Amino acid sequence: MLGWHLDVADIRAALRDAQTVEEYPDGACLLLGRAGLRPLHLVVADDPAADITVVITVYEPSLSQWDATFRRRLRP
């Protein structure tokens with residue numbers, strides 16, 4: 001996916017034990033999961049009518065923007 005070398009297995013692995021980092025007003029949330037040792041942030045939203053969770057985006061968080069736990073944004 002987009003040069004980050006992610007595949008569906010990575011995303012599924014990250015979702016398995018993901019923890020909520022932030023919740024957004026529109027009902028979406030930012031999750032922190034791992035694909036092996038690799039941290040991944042996933043923005044997801046539930047669609048209760050369809051009984052599914054939609055993955056909106058996935059990215060590898062940067063230490064220039066996040067603390068070492070990848071749970072807290074750094075202030076500019």
Side-chain angles (χ1 to χ4, degrees):
M1 296 176 84
L2 303 176
W4 292 326
H5 307 287
L6 291 172
D7 60 27
V8 173
D10 292 328
I11 295 168
R12 286 185 177 142
L15 284 169
R16 259 185 231 115
D17 298 316
Q19 298 176 346
T20 301
V21 174
E22 296 177 354
E23 293 182 4
Y24 303 128
D26 64 359
C29 64
L30 174 65
L31 304 177
L32 170 63
R34 295 198 179 270
L37 296 176
R38 184 180 185 187
L40 294 175
H41 276 171
L42 305 96
V43 178
V44 301
D46 288 332
D47 181 349
D51 194 30
I52 61 172
T53 297
V54 177
V55 176
I56 298 166
T57 191
V58 180
Y59 63 91
E60 192 169 343
S62 167
L63 284 171
S64 67
Q65 297 177 336
W66 294 87
D67 73 0
T69 68
F70 301 109
R71 296 180 200 314
R72 183 169 295 209
R73 291 180 193 268
L74 298 177
R75 304 247 182 229

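It should be emphasised that the depicted structure is a prediction, and the values quoted were computed from it without experimental measurement.
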Next on the checklist: V21 and side chain to side chain contact (heavy atoms under 4.5 Å, CB included): which single residue from V43, L31, L42, L30 fits?
Outcome noted: L30

Item to check | Worked verdict on L15 versus T53 for side-chain contact (heavy atoms from CB on, under 4.5 Å) | outcome: CA-CA 10 Å; L15 284 169; T53 297; 5.8 Å; no

Checklist entry - For R71, which residues count as a side-chain contact (heavy atoms from CB on, under 4.5 Å) partner, sequence neighbours excluded? => result Q19, L32, T69

Checklist outcome for this item: For A68 and L63, the nearest pair of non-hydrogen atoms, with its separation, is CA-CD2, 3.8 Å

Checklist entry - Any idea which heavy atoms bring A18 and A14 closest together, and the distance? => result CB-O, 3.3 Å

Next on the checklist: What verdict does the side-chain contact (heavy atoms from CB on, under 4.5 Å) test give for R38 and L6, after you've listed the backbone C-alpha separation in whole Å, the side-chain angles of each residue and the deciding distance to 0.1 Å?
Outcome noted: CA-CA 10 Å; R38 184 180 185 187; L6 291 172; 3.6 Å; yes

Next on the checklist: Could you check whether atom CG of D26 has more than 12 heavy atoms from other residues, nucleotides or ligands sitting under 6.0 Å from it?
Outcome noted: yes

Next on the checklist: Please tell me whether W66 and L74 are part of a single hydrophobic cluster in this structure, the criterion being side-chain heavy atoms less than 4.5 Å apart.
Outcome noted: no

Next on the checklist: Using every non-hydrogen atom in the two residues, find where P61 and P39 come nearest and quote the distance to one decimal.
Outcome noted: CD-O, 3.4 Å

Checklist entry - NE2/H5 to CD/E60 distance, rounded to the nearest 0.5 angstrom? => result 10.5 Å

